[in-house]
Every structure is written in C-alpha cells, then in structure tokens.
Peer 1: 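For reference, the structure I am asking about is given below.
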Amino acid sequence: VKSINHIGIIMDGNGRWAQARRRPRTYGHIKGATVAKNIISYCAENKIKFLTLYAFSTENWLRPKNEVTFLMMLLKRHLQKEVRSLVKQNIRFTVIGNLEQLPDDVVEIIKQTEQATNRNTGLNLTFAVNYGSRQEITNAAKEIAKRVLQNDLKLEEIDESCFNSALQTYPFPSPDLIIRTSGEYRLSNFMLWQSAYSELFFSDVLWPDFTRYDLEDILSSYLTRERRFGKIETVRSESINTRN
Ligand code: IPE
Ligand code: IPE
Ligand code: MG
C-alpha cells in the first residue's frame with residue numbers, strides 16, 4: 001500500500017450480521033471486535049500513520065441498556081486483552097469522545113492503554129468512543145468563546161486553524177478517506193468538520209465480514225481518485241498525502 005496518511009472507519013452492521021444468523025446482536029459485536037483487531041494489524045503492518053475507528057456514538061446510548069452495557073464490557077475486555085499486542089506492534093492508542101459519561105472501569109482501562117502505548121511511534125490508533133461530532137464542534141465553540149471572554153484570544157484570531165485546534169482530533173490530520181460498511185450512506189455524526197475533503201467509500205459488506213482484502217480494494221480505488229480541493233488541476237491522492 002502506498003503511503004496513505006489517515007483512514008477513518010465507521011464500523012457498521014454487527015447487529016444485522018448476527019440477526020441474519022439468528023443470534024443476539026451482541027454476537028455480532030464480538031465478531032466485529034475481532035475484525036477490528038485484524039484491520040488494525042493490517043494498517044500497522046502497512047505503515048498507515050493514522051486509523052480512527054468509530055466504536056460508539058453519542059447516539060448509541062439510545063439502544064437497549066443491555067446492548068450498551070455489553071459494548072462497554074467488550075471494549076474494556078478487548079483493551080485489556082490487546083494492550084500488550086498493541087505495544088508489540090508499536091501502535092499508539094488514543095480515544096476521542098466524551099469520557100465523562102463512560103463507566104469508571106472503562107475510563108480506567110482507556111487511560112491505562114493510552115499510557116502504556118504513548119511512546120510508540122508506529123500507527124496512531126484512535127477509538128471514537130461516546131463520540132459525536134456535533135458535540136465536539138459545540139464544545140470547541142464554547143472553548144473558544146471562553147478564551148475570548150478571558151481576553152486570551154482576540155475575535156480576529158479565530159480562524160480555521162484556531163478552530164481546528166480546539167477539536168478533539170487535534171493535532172491529528174483530517175482523514176484522507178472515510179469508509180462505512182453495511183450499505184448505509186451517511187456519516188452518523190462522525191468527523192463532520194474533518195471530513196470536509198475526505199474521500200468517502202461505502203461498502204455493502206457488513207463489518208463482521210469485512211476483511212483486509214476489502215480494505216485493499218478500497219485503498220487501491222482511493223489511489224485512483226483525484227482530489228482537487230477546489231482547484232482545477234488534478235492532484236493524485238498519493239501525491240498529497242502529507243497535507244491535512
Ligand atoms: C455497529 O454495528 C456497531 C455499533 C454501532 C456499536 P450496529 O450495532 O450498528 O449494527 P447494525 O447497524 O444494527 O446492523
Ligand atoms: C454509527 O453506526 C456509529 C458507529 C458505528 C459506532 P449506527 O448504527 O449507530 O448509525 P445509524 O444509527 O445507523 O445512523
Ligand atoms: Mg448500525
């Protein structure tokens with residue numbers, strides 16, 4: 001794979017995958033976690049610098065309590081089990097999203113995993129957990145307003161770069177491509193600011209069936225796309241991968 005800087009993935013379709021097998025939705029989440037693990041390793045092996053996985057949205061609290069509890073437990077168990085392997089793969093793990101509403105034991109494991117991997121220099125792996133881009137953008141606006149009120153920032157100094165640095169994804173670059181599985185064509189509150197010029201890919205494959213070969217197909221298709229960023233000369237994706 002040529003150097004692709006940042007991939008974002010909306011991992012969708014776990015529930016339908018399980019239901020098609022007459023199993024509880026939670027069974028799909030377990031299989032989905034295994035797929036995530038494989039895709040993470042693929043990205044680490046192939047020198048991708050940033051991978052952001054949408055694991056739980058601010059809207060996912062509206063699901064039945066037992067499913068929410070199960071997802072939290074799964075995240076905790078997954079991180080506990082994988083932390084050593086993350087270190088071995090030189091992966092640096094971080095989380096974006098509102099951690100305040102998460103159960104204490106989950107927050108604890110997240111912090112431990114971030115801490116244990118924070119010297120790693122390979123893949124930057126970000127889990128979006130209790131993440132919602134509208135909330136992220138609202139909080140950024142609030143933060144900036146506060147700095148203006150405190151006279152730490154002048155109104156004229158508010159520009160895109162200032163706003164960008166108030167987002168949770170800062171200082172990571174914007175995703176070059178965003179993939180959504182399961183045949184749904186929407187972003188569901190994922191990286192709304194950051195996706196302004198991302199290439200979007202929608203796959204019909206349900207997340208538990210998604211393989212590194214599906215990812216390779218998408219990546220080779222990405223490399224044929226022309227990213228113009230509003231200009232008229234054509235810029236091949238592979239030659240602009242250093243910009244945000
Ligand atoms: C994605 O799969 C995982 C999460 C949102 C946590 P879903 O659970 O949304 O599966 P479907 O979309 O209902 O099939
Ligand atoms: C988006 O999937 C959130 C995650 C993948 C974590 P959803 O299944 O929650 O999205 P909608 O409800 O279909 O838009
Ligand atoms: Mg879904």
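Order of listing sets the numbers, starting from 1, for every ligand and every atom in it.
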Peer 1: Within the side chain of Asn124, is there an N or O that forms a donor-acceptor pair under 3.5 Å with the backbone of Arg92?
Peer 2: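 Not at all, since once roles are kept as given, no pair shorter than 3.5 Å links the two residues.
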
Peer 1: Run the contact test for Ser182 against ligand 1 with a 4.0 Å cut-off on heavy atoms, strictly below, and give the result.
Peer 2: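 For ligand 1, residue contact (heavy atoms, under 4.0 Å) with Ser182 is absent.
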
Peer 1: Please could you name the atoms of ligand 2 that Ile10 approaches to less than 4.0 Å, counting only its heavy atoms?
Peer 2: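 Within the 4.0 Å cut-off of Ile10, ligand 2 contributes 5 (C).
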
Peer 1: Could you check whether any heavy atom of Glu184 sits closer than 4.0 Å to an atom of ligand 2, since that is the contact criterion I want to use?
Peer 2: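 Outside the 4.0 Å threshold, so no.
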
Peer 1: What atoms of ligand 1 come within less than 4.0 Å of a heavy atom belonging to His29?
Peer 2: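 Checking each atom against His29, I get 3 (C), 8 (O).
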
Peer 1: Under 4.0 Å from ligand 1, counting heavy atoms only, is it the side chain of Gln19, its backbone, both or neither?
Peer 2: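 No part of Gln19 comes within reach of ligand 1.
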
Peer 1: Which residue supplies the protein heavy atom nearest to atom 7 (P) of ligand 2, what is that atom called, and how far is it?
Peer 2: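 Protein heavy atom with the smallest distance to atom 7 (P) of ligand 2: Arg63 NH2, 3.7 Å.
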
Peer 1: Which one holds for Phe190 and ligand 2: side chain close, backbone close, both close, or neither close, with close meaning a heavy atom under 4.0 Å?
Peer 2: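 Neither; nothing of Phe190 gets under 4.0 Å from ligand 2.
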
Peer 1: Does any N or O in the side chain of Asp12 come within less than 3.5 Å of the main-chain N or O of Ser182, such that one atom is a donor and the other an acceptor?
Peer 2: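 No, because the side chain of Asp12 does not come within donor-acceptor range (under 3.5 Å) of the backbone of Ser182.
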
Peer 1: Do other residues, nucleotides or ligands put more than 12 heavy atoms under 6.0 Å from Glu100 CD?
Peer 2: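 12 or below, so no.
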
Peer 1: Run the numbers for me: atoms of ligand 2, each under 4.0 Å from some heavy atom of Phe56, listed by number.
Peer 2: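 Those of ligand 2 that fall under 4.0 Å from Phe56 are 6 (C).
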
Peer 1: Output yes when Arg186 and Glu184 qualify as a salt bridge under the 4.0 Å nitrogen-oxygen rule, no when they do not.
Peer 2: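 A salt bridge links Arg186 with Glu184.
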
Peer 1: Any donor-acceptor pair under 3.5 Å linking the side chain of Thr138 with the backbone of Arg134?
Peer 2: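 At least one qualifying donor-acceptor pair exists.
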
Peer 1: Find all atoms of ligand 2 within a distance of less than 4.0 Å from any non-hydrogen atom belonging to Ser188, and give their numbers and elements.
Peer 2: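 Close to Ser188: 1 (C), 10 (O), 11 (P), 14 (O).
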
Peer 1: Using 0.5 Å steps for rounding, measure from the OG1 atom of Thr117 to the CD atom of Gln115.
Peer 2: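 Here the rounded value is 9.0 Å.
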
Peer 1: Decide, yes or no, whether a salt bridge links Glu157 with Arg147 under the criterion of side-chain N to carboxylate O below 4.0 Å.
Peer 2: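 No salt bridge links Glu157 with Arg147.
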
Peer 1: So, 2.8 Å as the limit: is an N/O/S atom of Asp12 located closer than that to the Mg ion (ligand 3)?
Peer 2: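 Given the 2.8 Å cut-off, Asp12 counts as a ligand of the Mg ion (ligand 3).
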
Peer 1: Gln168 side chain to Glu136 main-chain N or O, any donor-acceptor pair under 3.5 Å?
Peer 2: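 Flag not set: sc Gln168 to bb Glu136 has no pair under 3.5 Å.
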
Peer 1: Just need the protein heavy atom nearest to atom 12 (O) of ligand 2, so name the residue and atom and give the distance.
Peer 2: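 Going atom by atom, the protein heavy atom closest to atom 12 (O) of ligand 2 ends up being Arg186 NH2, 4.6 Å.
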
Peer 1: Identify the protein heavy atom lying closest to atom 9 (O) of ligand 2, giving its residue, its atom name and the separation to 0.1 Å.
Peer 2: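 Scanning the protein heavy atoms, the shortest distance from atom 9 (O) of ligand 2 goes to Asn60 ND2, 2.9 Å.
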
Peer 1: Is Asp12 in polar range of ligand 2, meaning some N or O pair under 3.5 Å apart?
Peer 2: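 Min N/O separation from ligand 2 is below 3.5 Å for Asp12.
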
Peer 1: Using a 3.5 Å distance criterion without hydrogens, assess whether the side chain of Asn130 forms a donor-acceptor pair with backbone atoms of Gly97.
Peer 2: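 Not confirmed, Asn130 side chain does not pair with Gly97 backbone.
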
Peer 1: Donor-acceptor check, side chain of Trp17 to backbone of Gly28, threshold 3.5 angstrom: yes or no?
Peer 2: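 Here the side-chain-to-backbone pair does not exist.
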
Peer 1: Nearest to atom 10 (O) of ligand 2 by heavy atom, Glu59, Arg180, Arg16: which?
Peer 2: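 That would be Arg180.
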
Peer 1: Within the structure, is a non-hydrogen atom of Ala55 found at a distance of less than 4.0 Å from ligand 1?
Peer 2: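 Yes.
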
Peer 1: Does only the side chain of Ala128 get under 4.0 Å from ligand 2, or the backbone, or both, or neither? Count heavy atoms.
Peer 2: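 No part of Ala128 comes within reach of ligand 2.
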
Peer 1: Considering only the protein, which heavy-atom contact is closest to atom 5 (C) of ligand 2, and what is its distance?
Peer 2: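 Sorting protein heavy atoms by distance from atom 5 (C) of ligand 2 puts Met11 O, 3.3 Å first.
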
Peer 1: Using modelled atom types and a 3.5 Å cut-off, is there a donor and acceptor pairing between side-chain atoms of Asn164 and backbone atoms of Ser161?
Peer 2: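 Not a single qualifying donor-acceptor pair exists.
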
